[in-house]
Amino acid sequence: MLNEIKNDAQTRMHKSVESLRDALLKVRTGRANTALVDHIKVNYYGSDMPLSQVASVSVTDSRSLTITPWEKPMVSAVEKAIINSDLGLTPNTAGTVIRINLPALTEERRRELTKVVHGEGENAKVAIRNVRRDANNQFRELLKEKEVSEDDVRRSEDEIQKITDSAIKDVDEVVKAKEQELMAV
């Protein structure tokens, strides 16, 4: 029973770190990345579809993306979706190919994005600590019901703390790597 709780907690903490990695992919650095437009939804004949399902997205060079819709009538819908997204990018259309040029980030914008990255990191740490709290509460519940001994609970809480420390260290590494990527000119 204790091992199940520990394994569950470890899995949930790992998911928090992975969720942070996914969230940070959307934070724009100076380099072009197809993950930048992954979350954009395009109105495709009345239903919202992810951009990747209505067009091919590729990186042409370090500062530009090329989007090629699979159907000619979708060009204007894809353009509209990019303009309406929260990215602040302007698409340039030439026939059926849409190009997005990523302007260089200013120093001020880099600092703002660094704050966003740190905020996402703190959110991930809070999620990890909540998982630890839940696991410890489950251990204490088992102790109340006299299903495990106090020594087992203490040992399990120590193990959960080690797992938590490891997950928080992973979060710090992910945040530090993203910060270095942002500050590189």
Side-chain angles (χ1 to χ4, degrees), residues 1-42 48-53 57 59 65 81 84-89 102 105-185:
M1 188 70 186
L2 293 175
N3 283 333
E4 288 176 22
I5 295 170
K6 285 184 258 186
N7 290 341
D8 178 55
Q10 190 168 17
T11 302
R12 289 171 55 201
M13 287 181 192
H14 180 70
K15 284 182 183 173
S16 294
V17 174
E18 288 307 310
S19 174
L20 172 67
R21 280 193 178 104
D22 291 344
L24 292 185
L25 279 177
K26 293 180 184 88
V27 175
R28 197 178 111 209
T29 59
R31 276 182 241 110
N33 185 348
T34 57
L36 198 59
V37 293
D38 279 351
H39 69 287
I40 295 178
K41 301 275 190 235
V42 179
D48 286 341
M49 302 288 287
L51 180 61
S52 61
Q53 292 183 11
V57 181
V59 177
L65 293 173
N84 293 337
S85 73
D86 57 350
L87 295 173
L89 299 172
L102 303 172
L105 295 173
T106 62
E107 186 68 25
E108 182 182 333
R109 183 68 180 139
R110 288 176 194 275
R111 297 209 184 285
E112 286 174 23
L113 290 173
T114 302
K115 288 178 185 173
V116 169
V117 167
H118 281 283
E120 291 289 338
E122 283 306 312
N123 292 343
K125 288 179 183 179
V126 167
I128 288 168
R129 291 182 190 119
N130 287 341
V131 171
R132 177 188 61 191
R133 185 195 62 223
D134 293 345
N136 288 339
N137 287 343
Q138 288 176 317
F139 294 147
R140 290 189 197 104
E141 201 59 42
L142 290 173
L143 180 63
K144 263 188 214 171
E145 295 170 9
K146 306 242 187 284
E147 291 182 29
V148 294
S149 69
E150 278 187 41
D151 289 343
D152 289 339
V153 169
R154 196 167 298 115
R155 229 181 337 268
S156 295
E157 286 177 345
D158 288 345
E159 288 177 40
I160 284 291
Q161 185 59 48
K162 286 177 186 162
I163 294 168
T164 302
D165 291 344
S166 172
I168 286 182
K169 185 175 167 238
D170 290 347
V171 166
D172 287 339
E173 288 171 3
V174 169
V175 168
K176 186 177 180 195
K178 189 64 173 187
E179 184 179 333
Q180 286 174 342
E181 189 180 325
L182 275 170
M183 297 314 278
V185 179

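The first residue of the sequence shown is numbered 1, and numbering continues consecutively from there.
Not counting sequence neighbours, the partners of Asn130 by the side-chain hydrogen bond (donor to acceptor under 3.5 Å, both in side chains) test are Arg133. By the side-chain hydrogen bond (donor to acceptor under 3.5 Å, both in side chains) test, Asp8 is found to be paired with no residue, residues two or more places apart in sequence or in another chain being considered. Residues meeting the side-chain contact (heavy atoms from CB on, under 4.5 Å) test with Lys15, sequence neighbours left out: Thr11. Taking the salt bridge (Lys or Arg N to Asp or Glu O under 4.0 Å) definition, one finds that Glu157 meets it with Arg140, sequence neighbours left out. Residues passing the side-chain hydrogen bond (donor to acceptor under 3.5 Å, both in side chains) test with Asp172, sequence neighbours excluded: Lys125. Scanning for salt bridge (Lys or Arg N to Asp or Glu O under 4.0 Å) contacts around Glu141 gives an empty result, with sequence neighbours left out. Asp165 is linked by a salt bridge (Lys or Arg N to Asp or Glu O under 4.0 Å) to nothing, counting only residues two or more places apart in sequence or in another chain. The side-chain contact (heavy atoms from CB on, under 4.5 Å) check on Glu150 picks up Leu143, Arg154, with sequence neighbours excluded. Taking His118 as the reference, Thr114, Val175, Glu179 meet the side-chain contact (heavy atoms from CB on, under 4.5 Å) condition, with sequence neighbours excluded. When the side-chain hydrogen bond (donor to acceptor under 3.5 Å, both in side chains) test is applied to Glu173, no partner is found at least two apart in sequence or on another chain. Applying the salt bridge (Lys or Arg N to Asp or Glu O under 4.0 Å) criterion to Arg111, with sequence neighbours excluded, gives Glu107. Residues satisfying the side-chain contact (heavy atoms from CB on, under 4.5 Å) test with Asp48, not counting sequence neighbours, are Lys41, Asn43.
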Practice task
Would you check, one step at a time, whether the test salt bridge (charged side-chain N to carboxylate O under 4.0 Å, His left out) holds for Asp152 with Arg155?
Solution key: CA-CA 5 Å; Asp152 289 339; Arg155 229 181 337 268; 2.8 Å; yes
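The backbone N or O of Leu24 sits less than 3.5 Å from a side-chain atom of Lys178, completing a donor-acceptor pair. In terms of modelled atom types and a separation under 3.5 Å, the side chain of Ser166 and the main chain of Lys162 share no donor-acceptor contact.
How far NZ of Lys146 is from NZ of Lys144: 11.0 Å, rounded to the nearest 0.5 Å. Rounding to the nearest 0.5 Å places CG of Asn3 at 7.5 Å from OG of Ser156. For the atom pair OG (Ser16) and CG (Asp170), the distance works out to 11.5 Å, reported to the nearest 0.5 Å.
Using a 4.5 Å cut-off on side-chain heavy atoms (C-beta onward), Glu108 and Glu112 make contact. Counting heavy atoms from C-beta on, the side chains of Arg129 and Ile168 come closer than 4.5 Å. Annotation: side chain of Asp134 is in contact with side chain of Arg12 (closest heavy-atom distance under 4.5 Å). Using a 4.5 Å cut-off on side-chain heavy atoms (C-beta onward), Ile5 and Leu142 make contact. Here the side chains of Glu18 and Arg21 are in contact, with some heavy-atom distance below 4.5 Å.
Atom CD of Glu145 has more than 12 neighbouring heavy atoms from other residues, nucleotides or ligands inside a 6.0 Å radius.
Minimum heavy-atom separation, Phe139 to Leu2: CD2-CD2, 3.4 Å. When all heavy atoms of Gly121 and Leu20 are compared, the pair lying nearest together is N-CD1, 3.8 Å. The shortest non-hydrogen separation linking Arg132 to Gln161 is NH1-OE1, 3.0 Å. Pairing each heavy atom of Val17 with each of Ala167, the nearest pair is CG2-O, 3.8 Å.
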